[in-house]
Visitor: 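Handing you this structure, nothing more for now.
Here is the naming used below: chain letters follow the sequence lines, and residue numbers restart at 1 for every chain.
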Amino acid sequence: MPRAYNAADVERRIYQNWLDKDYFHAVPHTGQQPYVIIMPPPNVTGELHLGHALEKALEDALIRYRRMTGVPTLWLPGTDHAGIATQWVVERQLIDEGTSRHDIGREAFVRRVWEHVEKSGGIIHEQSRRLGISADWERHKFTLDDGPSNAVRTTFVSLYEKGLIYRHERIINRCVRCATALSDLEVDYDDVDGQLYHIRYPLEDEPDRCVTVATTRPETMLGDTGVAVHPDDPRYDGIRGRNVVLPIMGRVIPVVGDEAIDPEFGTGALKVTPAHDPVDFEVGQRHRLDAPNVIGEDGAMTRVAGKYAGVERFEARRRVVEELDSLGVLDKVEAHRHSVGHCQRCATVVEPLISMQWFVNIGSHEQPDSIAGKAYRAVTEGDIRIVPERFTRVYLNWLENIRDWCISRQLWWGHRIPVWYCDSCGHMTVAMADPDTCEACRSTGIRQDPDVLDTWFSSGLWPHSTLGWPGDTDDFDYFYPTTVLETGYDILFFWVARMIMLGIENTGKPPFNTVYLHGLIRDGSGAKMSKTRGNTMDPLDLVEKYGTDALRFALTTGTAPGNDLRFTENRLEAGRNYANKIWNASRFVISQLEGVQSSPGNASATHPDAPTAHPELVEGWSDVTPEHREDRWIISRLDRVTADVNRSLESFELGDAQQRLHEFIWNDYCDWYIEMAKIRLRNGGEPSPLPTLAHVLERILRLLHPFMPFITEEIWQTLKSELPQENISSHGELVEPPESIMLAPYPVSNGRIDPAAEEEIALVQQAVRAVRNTRAQLRIPAAQRLEALVEANGQRAAIEDEADVIRALSRIEPLNIVSGDDATRHSGESGSLRGVTLVVSPLVVRLPLEGVVDLDAEGERLRAELADCDKNLERVEKLVSNPNFREKARPDVVENEEARLAELRDRQQRLHEILQQLGR
RNA sequence: GGGUGGUUAGCUCAGAUGGUUAGAGCACCUGCUUUACACGCAGGGGGUCGCAGGUUCGAGUCCUGCACCGCCCACCA
């Protein structure tokens, strides 16, 4: 093994090998429930960012874990055509070239987008591969592929035929920059500082009296068709039902009473512009007011706006205000902060206006057969579980207030709406296959609807459209419904909810069992990462610098599901250091194995059918039956961590699993077990620690593989070459070890918990720590050997067995062991040693440090320790003697406390005795 | 306005079903060319778990209220 681990080179080589061996490809077969994740399809022109890296790290870990447990897994990657986003990228290119999409026309434009997609569309998945993800690339799907496109059209036609898709004139949000309608979700509301303009509208029959309205958008007054006040507002008694004259326009409009009006706001009078405000639209409908569009789809005033026709909307605002002022009807202008909708894609202020659009009838969650109702029940009835659970409420609340979904977009890039209008009879032909004639009058004069569908309409079908639906395919049969949908909580409504709605509508089944939501990546100060802020980090740079495994560790360790993550470079350093640690520990273990090359013939002692293996290593793959206390201890610890990690993975607590594993590998295995093993190896102690050393390392690698796939594979392959080429399965027969760690079984706990070994080794560790601590505090150089006397006090066997370890790790020489208790004291053995006395109940360790510490100082230290002990003892005594506690606490808790009490009493007594001996 | 999350060591965060003396990484201090690793080893300091009540033998964990910070939703003209 090379001395240093070169992550980047190793990772590239290993990934290519995995691809060559075709390990990621899933084969449908019956018999076993598969584990399926459909990857959230990134935008085709998008670039890989840390959010993707997090998402893929989590999904890959889930998939690799299941694959190793022997479950058939499918992780299906894909790409989204991303209507507005992609169209805008290409439009910008055209602008740079001095032309526009309108100049070159629809056909040429779409061709141009395809060219762009073909050139740059694969980049994000090329980048993804660098992250080591084990997705089934052969099944990759693009939303505009024939299959998914067919699913889109099938869904549209079917929903239309069920009456769940309809075309209607409604007030919708329009982005004048993108030149398309937006759904409610695609509008971001931000508070902005604006003005509230108070305008006087004179009464028609009493021009000296006015109704003053307040508005933030005075230009819309050109389209006013009424004024509304609250029905009970006394200020407007006698005015309701009369008419006012709209300034500038001179139009006579009514004053109506409407419950929706808040008398507290402004003057209590609302100017009603039904075409340009959702509230006004509803008021207008209730009172049958006209709804003229005064602002056009291009953002300029329309002909209806009279002399302002053609003026851009914000310019119109300035000029209207000026004119109102000069007419003397501008009462006052106040500063006013209010929320304004912006286009999610380009941040342009959206314009609500009335237009003809296609909608999906979502219905209400209270109607059992509506789309909303079914999507609602899928979650309330537990068919779909959301992790973390708190997002369940968020999801349900959203459905409770849902409105119909505007799905038509005035774009050219996307799935064209499969509807044809007849020029002669006006009939709408909605069809799977492109028709030549009107289905009603057979006229050939038909035109297809120019609009395309909302991108989320096709992504909403993703779990079934990628598996071949509506075809009756093996993949669909076997892999649908999928298992886990993993994504960021920010697209819960956009995507997750839509998949649930459309999945159930199309297939009758919820598209997945579990929704696992991860949090957002933020920068070190908690700000959202974005290009405009300039606080982004390129995952590929990080991977080159620290390695993929380190990046994955940094993204997923110690985080809880659904929680945002403040990402800083020192997380990456920690990941890199961890990888380095594992590399070096493995290098040590493997170098030791190299010394005991397998020798033909002598393996039969351990297993009759293992002819080429070194007897001590035969068991390394599957199980060892440790005899030595240290081996029993590390195996016991291993089985505990194995159980914990499995449990955490089952419950999606990936951060927990990583933390637990990290702690075991670093502390138990590296800091203690390897150090203890070194001593046994050096001294030729029996039995050799090598089988256990190898066994635990091999299990560690497998346990860690889902999280850090590359370094574990690299080491595992080397380790494998040092271990026998046959593996004894738990059933006793020989099997070939798998080709790759990713095909090896995920470890399960063998239940080799050994409380005695754990206790005894813990005692040894405490004794070693106590001595080290003393050395550090008294500044005794590491090189200086110290003599010590240990009173074993009932632990003589363990202490004698571990004497070498204690000697080496605490640099004691010689180490004298006495039985302790009465025998010791009476024989005077201990009395000869004056210095520091350490109580590690039940052990007493005496260090002869006369001249280094004086008796006063030592007495002082011991009294402080005793005081601390007394304090704890008092608390525990109180607790244990409380009848309520004994009665109500769990038995194991009571047992623990009693053991603790006994230990504290032992310690207290020993401290007393030592102080007595000291004569203080 | 309605939801919802957070408030734990200097910083970033973990802390299933209430139960040892509250943990990790980083930072900090002191030693260390210990033959796997200085991307390391050993030792150490540092927290009234936001505030106030309550339930309980026992509360970081459960309940109520409050205070900040954040996020989501909503038709604040």
Visitor: Pick base, sugar-phosphate or nothing for A/Glu663, based on heavy-atom distances below 4.0 Å to the nucleic acid.
Guide: nothing
Visitor: Name the nucleic acid region contacted by A/Leu520, choosing base, sugar-phosphate or nothing; use a 4.0 angstrom heavy-atom cut-off, strictly under.
Guide: nothing
Visitor: Tell me whether the side-chain N or O atoms of A/Glu675 pair up with the base of B/rA36 as donor and acceptor below 3.5 Å, since no angle test is needed here.
Guide: yes
Visitor: With sequence neighbours excluded, give me every ring-ring contact (aromatic ring centres under 6.0 Å, His included) pair touching residues 864-887 of chain A.
Guide: none
Visitor: With heavy atoms under 4.0 Å as the rule, sort A/Arg576 into base, sugar-phosphate or nothing.
Guide: base
Visitor: Does NZ or CZ of A/Lys678 fall inside the cone over A/Phe588's six-membered ring, less than 6.0 Å from its centre and within 45° of the axis?
Guide: yes
Visitor: Answer yes or no: is there an ion pair linking A/Arg680 with A/Asp804, defined by an N-O contact shorter than 4.0 Å?
Guide: no
Visitor: Can A/Lys545 and A/Glu569 be counted as an ion pair, charged N to O under 4.0 angstrom?
Guide: yes
Visitor: When you compare the protein's N or O atoms with those of nucleotides 59-61 of chain B, which come within less than 3.5 Å of each other, and at what distance?
Guide:
none

Visitor: Pull out every residue in residues 889-901 of chain A that has a heavy atom closer than 4.0 Å to any atom of RNA chain B, ordered by number, or say none.
Guide: A/Ala889, A/Val893, A/Arg900
Visitor: Could you write nucleotides 71-77 of chain B as a row of B, S and -, 5' to 3', where a protein heavy atom under 4.0 Å of any base atom gives B, of only sugar-phosphate atoms gives S, and otherwise -?
Guide: -SS-BBB
Visitor: Produce the list of close N/O pairs, under 3.5 Å, pairing protein atoms with atoms of nucleotides 5-12 of chain B; give distances to one decimal.
Guide:
| residue | atom | partner | partner atom | Å |
| --- | --- | --- | --- | --- |
| B/rU12 | OP1 | A/Arg566 | NH1 | 3.3 |

Visitor: Hey, is A/Arg647 close enough to A/Glu653 for a salt bridge, meaning N to O under 4.0 Å?
Guide: no
Visitor: Is there a side-chain contact between A/Trp666 and the phosphate of B/rC41, meaning an N or O under 4.0 Å from OP1 or OP2?
Guide: yes
Visitor: Using the side-chain heavy atoms of A/Asn580, tell me which of these nucleotides is nearest: B/rG15, B/rC39, B/rC57.
Guide: B/rC39
Visitor: For Watson-Crick and G-U wobble pairs within 3.5 Å on both distances, what is RNA chain B written in dot-bracket notation, | included for inter-strand pairing?
Guide: (((((((..((((.....[...)))).(((((.......))))).....(((((..]....))))))))))))....
Visitor: When syn is taken as a glycosidic angle within 90 degrees of 0, is B/rA16 syn or anti?
Guide: syn
Visitor: From the options B/rC26, B/rC41, B/rA36, select the nucleotide whose nearest atom is closest to the side chain of A/Asn577.
Guide: B/rC26
Visitor: With nearest nucleotide decided by heavy atoms, which residue, A/Val768 or A/Arg779, maps closer to the 5′ end of RNA chain B?
Guide: A/Arg779
